[in-house]
There are 2 protein chains.
Amino acid sequence: MHDTESDDDRLDRAFLALADPVRRNLVARLSRSSATVNELAEPFPMSKQAVSRHIQVLERAGLITRTRDGQRRPCHLAPAALEELTSWIDGYRLAAEARYRALDEVLAAMKTANRPQEE
Amino acid sequence: MHDTESDDDRLDRAFLALADPVRRNLVARLSRSSATVNELAEPFPMSKQAVSRHIQVLERAGLITRTRDGQRRPCHLAPAALEELTSWIDGYRLAAEARYRALDEVLAAMKTANRPQEE
DNA sequence: TTGTTTATCAACCAGTTGGTTGACTATTTA
DNA sequence: TAAATAGTCAACCAACTGGTTGATAAACAA
């Protein structure tokens, strides 16, 4: 299923999944322990169906996995998927920071070169 | 400006901003160097207005800043905002990983306790 | 001043998201 | 078997996204 899905699609779904306070709250909750739909839905002032759909969004994004335990469908956080996101972000963040540091050095060097005789 | 905005709102905007391949491409481009709207729009098969709006989404999310240079409005990546996102994710990722490691140890201990005489 | 370049604003439209309620499946329990 | 529990599916609706085109503002250049 979904053999031909691009990295872009995966990142789209993952970042979109995190762009909602309810779903981020679910991620936070699941980082403490796995939980069922009912357990996850309980704190929220909305229908269980709405929470179930939020869970599906997280699952399709690969951020959580689900197992079967009788009639329950426990949800488990998928740390590896979270790690992919931080890796993506950090690649560009570190490149930009390195560039800014290099620019600072150039500016510092120019400043020194312009006033070689000062203190 | 915007004194009464919650962390949730900021994270909503930032993750939503990254949940689009065009905007992620802009982030990647800006990690190499700052650039104007025209420069950023050039590679995309869409109107300059559409790219301008993507840039506004990134700016409102705090992921980029803009300066003025005559009639140009150069865009610059904001590494600190990216770092906030990785921090948020990593907090929960590391908690989950630690919990899973602890569970592995419990399971390993139970296995050993059940078969104390087996090698 | 006149015209060119850079960038944004406004109106419009198709598709998606996030909530609702009601019906349904599947599993467990009496 | 019948009834309760866990969860999903389907239809509906308001709000938002992401693209379009046309008009506009602001800074340069002639």
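First the proteins, then the strands, lettered A, B, ... as listed; each starts at 1.
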Selection from [options] that lies nearest to any side-chain heavy atom of [X]:
X       : options                : answer
B/Ser52 : C/dT8, D/dA6, C/dG18   : C/dT8
A/Val37 : D/dG7, C/dT20, C/dT8   : D/dG7
A/Arg73 : C/dA7, D/dT17, D/dG7   : D/dG7
B/Ala50 : D/dT20, C/dT27, D/dA27 : D/dT20
B/Gln56 : D/dG18, C/dT27, C/dT8  : C/dT8
A/Asn38 : D/dA27, D/dG18, D/dA6  : D/dA6

Nearest-Å distance, [atom1] ([X]) to [atom2] ([N])?
X       : N      : atom1 : atom2 : answer
B/His54 : D/dC16 : NE2   : C1'   : 14 Å
B/Leu58 : D/dT17 : CG    : C1'   : 14 Å
B/Leu40 : C/dA7  : CG    : P     : 9 Å
A/Lys48 : C/dG18 : NZ    : C1'   : 19 Å
B/Phe44 : D/dG18 : CZ    : P     : 13 Å
B/Asp12 : D/dA15 : CG    : P     : 18 Å
B/Glu42 : C/dT6  : CD    : P     : 12 Å

Problem set entry | First encountered from the 5' end of DNA chain C, between A/Arg68 and A/Ser47 |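 Nearer the 5' end of the strand: A/Ser47.
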
Exercise. Can you tell me if the side-chain N/O atoms of A/Arg66 get under 4.0 Å from OP1 or OP2 in D/dA6?
Worked result: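 Answer is no, no contact under 4.0 Å.
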
Problem set entry | Test item: side-chain donor near acceptor, A/Ser34 and A/His76, under 3.5 Å |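 There is such a pair (donor and acceptor under 3.5 Å, judged by atom type) between the side chains of A/Ser34 and A/His76.
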
Exercise. Would A/Gln49 and A/Arg53 count as having a side-chain donor-acceptor pair, cut-off 3.5 Å?
Worked result: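 No donor-acceptor contact under 3.5 Å links the two side chains.
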
For this session: Keeping the roles fixed (side chain from B/Arg72, backbone from B/Thr36), state whether a donor-acceptor pair exists under 3.5 Å.
Result: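 Here the side-chain-to-backbone pair does not exist.
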
Exercise. Any donor-acceptor pair under 3.5 Å linking the side chain of B/Arg23 with the backbone of B/His54?
Worked result: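 It does not hold such a pair.
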
Would you say the side chain of [X] and the base of [N] hold a donor-acceptor pair, judged only by whether the two atoms sit under 3.5 Å apart?
X       : N      : result
A/Gln71 : C/dT27 : yes
A/Gln49 : C/dG22 : yes
B/Arg53 : D/dG19 : yes

Problem set entry | Stepwise salt bridge (charged side-chain N to carboxylate O under 4.0 Å, His left out) check, B/Glu42 with B/Lys48 | CA-CA 8 Å; B/Glu42 194 275 325; B/Lys48 192 170 62 172; over 6 Å; no

